[in-house]
Amino acid sequence: AQSVAQPEDQVNVAEGNPLTVKCTYSVSGNPYLFWYVQYPNRGLQFLLKYITGDNLVKGSYGFEAEFNKSQTSFHLKKPSALVSDSALYFCAVRALNSGNTPLVFGKGTRLSVIA
Amino acid sequence: DGGITQSPKYLFRKEGQNVTLSCEQNLNHDAMYWYRQDPGQGLRLIYYSQIVNDFQKGDIAEGYSVSREKKESFPLTVTSAQKNPTAFYLCASTPLTGPGDYGYSFGSGTRLTVV
């Protein structure tokens with residue numbers, strides 16, 4: 001079975017400081033990993049994905065994520081946070097070669113960037 | 001202008017009433033999904049469909065029904081058997097070409113409230 005854990009319900013960071021939103025996963029075999037962002041009363045927007053290749057993935061709006069196979073983690077990072085980054089962030093996973101099974105999402109982490 | 005359209009944006013349901021949420025996409029995507037979002041619970045899969053006239057139950061299908069008569073459309077009916085339907089409902093789609101390394105495109109959601 002596939003699962004995703006986002007251990008922090010809320011992350012607070014000061015504007016200009018680096019931010020990290022944590023994600024760990026569990027799948028059989030190799031994973032496809034995704035990060036999405038959601039603004040209030042909106043759908044989810046794609047930020048970045050890891051399929052294969054470099055462990056550091058760069059995405060939209062200056063975000064990046066680091067895939068760590070040994071720790072089964074895919075933490076989202078940004079060097080300098082903006083107030084406009086305040087939103088709800090979701091990590092998602094599915095297993096490679098799992099026959100197009102649906103993505104499994106974490107419970108989300110609310111990021112609050114304080115000016 | 002390609003995308004996924006969910007309607008209505010807000011929907012109110014009386015006790016014992018069935019309501020149908022619309023989801024239409026013009027992205028020529030093969031697969032479509034319905035998720036339910038509740039505070040602190042993330043996204044939970046209700047139903048999904050990978051081809052026309054076929055669909056599968058997700059983790060929380062009880063009290064819901066779907067149809068997939070056209071590739072572009074995947075309506076969700078919330079029946080009176082769903083005892084706690086108040087939630088934010090998200091529709092998503094994805095192509096199924098290749099090894100499944102595509103993320104999802106999401107609609108902007110429907111907020112359903114029982115009155």
Side-chain angles (χ1 to χ4, degrees), chain A residues 1-10 21 23 25 27 29-53 57 59-60 63 65 67 74 87-110, chain B residues 3-10 23 25 27 29-51 54-61 74 87-113:
Chain A
Q2 304 165 154
S3 66
V4 173
Q6 294 182 241
E8 301 153 318
D9 292 335
Q10 174 94 29
V21 182
C23 171
Y25 67 89
V27 294
N30 293 320
Y32 291 137
L33 291 154
F34 300 83
W35 275 102
Y36 289 86
V37 60
Q38 185 183 34
Y39 298 99
N41 293 311
R42 302 296 301 274
L44 276 64
Q45 297 177 28
F46 171 80
L47 276 181
L48 51 80
K49 65 182 178 183
Y50 172 82
I51 306 299
T52 59
V57 177
S60 307
F63 283 93
F67 172 64
F74 189 56
L88 188 57
Y89 290 80
F90 289 96
C91 182
V93 68
R94 62 181 293 274
L96 177 65
N97 297 328
S98 64
N100 291 316
T101 56
L103 284 177
V104 173
F105 288 83
K107 293 187 176 182
T109 298
R110 187 165 301 281
Chain B
I4 301 178
T5 301
Q6 289 188 242
S7 62
K9 190 171 179 66
Y10 299 96
C23 179
Q25 54 99 358
L27 300 167
H29 284 176
D30 305 291
M32 298 185 73
Y33 307 83
W34 275 105
Y35 287 90
R36 170 177 170 146
Q37 184 177 12
D38 296 281
Q41 297 196 51
L43 274 66
R44 293 182 290 168
L45 182 65
I46 304 172
Y47 270 99
Y48 66 102
S49 168
Q50 297 186 342
I51 57 173
D54 188 47
F55 47 82
Q56 285 76 42
K57 293 182 179 180
D59 300 318
I60 56 165
F74 191 42
F88 191 54
Y89 291 85
L90 287 163
C91 180
S93 70
T94 188
L96 291 180
T97 56
D101 58 353
Y102 295 89
Y104 292 175
S105 297
F106 280 86
S108 57
T110 293
R111 185 164 298 279
L112 174 63
T113 304

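The structure displayed is predicted, hence computed values, not measured ones. Chain letters run A, B, ... following the sequence lines, proteins first and then strands; every chain starts at 1.
Most heavy-atom pairs under 4.5 Å with chain A, from the set B:Gly42, B:Gly58, B:Ser105, B:Gly107: that is B:Gly42.
Of all heavy-atom pairs between B:Phe88 and A:Asn41, the closest is CZ-C, 3.9 Å. When every heavy atom of B:Leu90 is checked against every heavy atom of A:Gly43, the shortest pair comes out as CD2-CA, 3.7 Å.
Annotation: the span from A:Arg42 atom CZ to B:Phe106 atom CZ amounts to 13.5 Å, rounded to 0.5 Å.
At a threshold of 4.5 Å between non-hydrogen side-chain atoms, the residues B:Gln56 and A:Thr101 do not count as touching. No side-chain heavy atom of A:Val104 sits less than 4.5 Å from a side-chain heavy atom of B:Leu45.
When the options B:Tyr104, B:Tyr33, B:Tyr48 are evaluated for a side-chain contact (heavy atoms from CB on, under 4.5 Å) with A:Leu103, the one that passes is B:Tyr104.
The 12-atom threshold is not exceeded at CZ of A:Arg110, counting heavy atoms of other residues, nucleotides or ligands nearer than 6.0 Å.
For A:Gln6, no part sits under 4.5 Å from any heavy atom of chain B, backbone or side chain. Interface remark: B:Gln37 contributes side-chain atoms only to the contact with chain A (heavy atom separation under 4.5 Å).
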